[in-house]
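First comes the structure, then the notes that go with it.
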Amino acid sequence: MKKSVQNLSSGRTFNEPVIQTIYGYLLDSYGLQGWWPLIELHNSYGTNPTKTGSIRGYHPGNYTYPHTENQQFEIICGALLTQNTNWQQVEKALINLRQMDSLYPERILSCDIETLKEAIKPAGYYNQKAARLKILAEWFTNFKSQTPEREELLSLKGIGPETADSILLYAFKQPSFVVDAYTRRVVSNLGLVEEKAKYSEIKALFEENLPEDLVIYQEYHALLVEHAKRYYQKKISYSRCPLLRLVSD
DNA sequence: AACCAGGACGTGA
DNA sequence: TCACGTCATGGT
């Protein structure tokens, strides 16, 4: 799907997928996002004034993470804990687990379930998420292959399409585009998909209009979240989204 | 005081 | 398949 796009800065018209034009705009506006945040990274990357909220744990421009299996596991836990919850709450839960020295699969497995619930309580849904963390820990301990299949992740209770893609993209560095509620709102508001388009359709829209590139997939999803936090939290602000000017038919 | 946050699952049409 | 209720804390 290609769209003719008016490039306002250069004043010339050229053929470029609108999905790529949006990426350029977001990158210019907010800069590199440096996902997935890792709680042990003590702000060593300085501040990013264009970023909302805490900058803890982000590592913009560094795509070498995760460095260890522990970091890999931390990303996986974060992906589960952040379901329908904001990241600040997830950080509290992860830090609790860290302080208990329990942010490892073996410790999650051996941890008393009530203790585990108490630790992750700030992230909400703690009854479900505690049980599902144990399922994830069990899986992570036993899985053999270097990188899991998407279907394998989806077979685990608590892992749906977005969480599976997040784990693939950020923990295993596989170019699998992540579609979240924000992504859906943005592309729907821009008229690129129907309001109730299926997850796979939105995923395909991005993957078919971008080079299959890990860095682009990682940054694009993070940029969409950053952008949507500003214009897509309340419905009345959808109309103020600056991207609307970029996608004029 | 509602409303929502970087969703997924179980159920019944 | 799909629409809907449920899970739960905490910030605005």
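Because only heavy atoms are used, hydrogens play no part in the values below, and waters and symmetry mates are left out as well, while side chains stay in. Numbers restart at 1 for each chain; the letters A, B, ... are given by sequence-line order, proteins then strands.
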Heavy-atom contacts, protein to nucleotides 4-13 of chain B, under 4.0 Å, summarised as B (base), S (sugar-phosphate only) or - (none) per nt, yield -BBBSSS---
Aromatic plane relationship, A/His227 with A/Tyr231 - under 30° parallel, 30 to 60° tilted, over 60° perpendicular =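 Rings of A/Tyr231 and A/His227: tilted, as their planes differ by 30° to 60°.
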In whole Å, I'd like the distance from the [atom1] atom of [X] to the [atom2] atom of [N].
X	N	atom1	atom2	result
A/Lys235	B/dC3	NZ	C1'	14 Å
A/Glu91	C/dG10	CD	P	15 Å
A/Asn96	C/dT9	CG	P	14 Å

Any residue meeting ring pair (Phe, Tyr, Trp, His ring centres under 6.0 Å) with A/Tyr232, in chain and number order, not counting sequence neighbours =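 For A/Tyr232 the ring pair (Phe, Tyr, Trp, His ring centres under 6.0 Å) partners, ignoring immediate neighbours, are A/Tyr238.
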Find the distance between CD1 (A/Ile95) and NZ (A/Lys92) and round it off to the nearest 0.5 Å.
->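 Nearest 0.5 Å value for the CD1-NZ distance: 9.5 Å.
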Between [N] and [M], how many Å separate the two [atom1] atoms, rounded to a whole number?
N	M	atom1	value
C/dC7	B/dA5	C1'	14 Å
B/dG6	C/dT12	P	12 Å
B/dA2	C/dA8	C1'	16 Å
B/dC4	C/dG5	P	15 Å

Excluding sequence neighbours, so at least two apart, what forms salt bridge (Lys or Arg N to Asp or Glu O under 4.0 Å) with A/Lys117?
->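 Checked A/Lys117 against salt bridge (Lys or Arg N to Asp or Glu O under 4.0 Å); matches are A/Glu114.
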Identify, with sequence neighbours excluded, every residue that meets side chain to side chain contact (heavy atoms under 4.5 Å, CB included) alongside A/Glu201.
->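 Side chain to side chain contact (heavy atoms under 4.5 Å, CB included) check on A/Glu201 returns A/Ala197, A/Lys198.
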Say whether A/Gln233 and A/Tyr182, considering side chains only, have a donor N or O and an acceptor N or O under 3.5 Å apart.
->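 Yes, side-chain donor-acceptor contact under 3.5 Å.
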Verify the distance criterion only: is there a donor paired with an acceptor across the side chains of A/Asn62 and A/Thr64 at less than 3.5 Å?
->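 The answer is yes; a qualifying pair exists.
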Could you check whether A/Lys129 gets within reach of a base, just the sugar-phosphate, or nothing at all, counting any heavy atom under 4.0 Å?
->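 Contact class for A/Lys129: none.
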Inspect the surroundings of CD in A/Glu106 and state if more than 12 heavy atoms from other residues, nucleotides or ligands are less than 6.0 Å away.
->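 Yes, enclosed.
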Going by the side chain to side chain donor-acceptor pair (under 3.5 Å) test, which pairs reach into residues 210-219 of chain A, not counting sequence neighbours?
->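 Applying side chain to side chain donor-acceptor pair (under 3.5 Å) to every pair that reaches into residues 210-219 of chain A, excluding sequence neighbours, yields A/Tyr63-A/Glu219.
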Got a sec? Which of residues 116-124 of chain A come in under 4.0 Å of DNA chain C, heavy atoms?
->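 The answer is A/Lys121, A/Pro122, A/Gly124.
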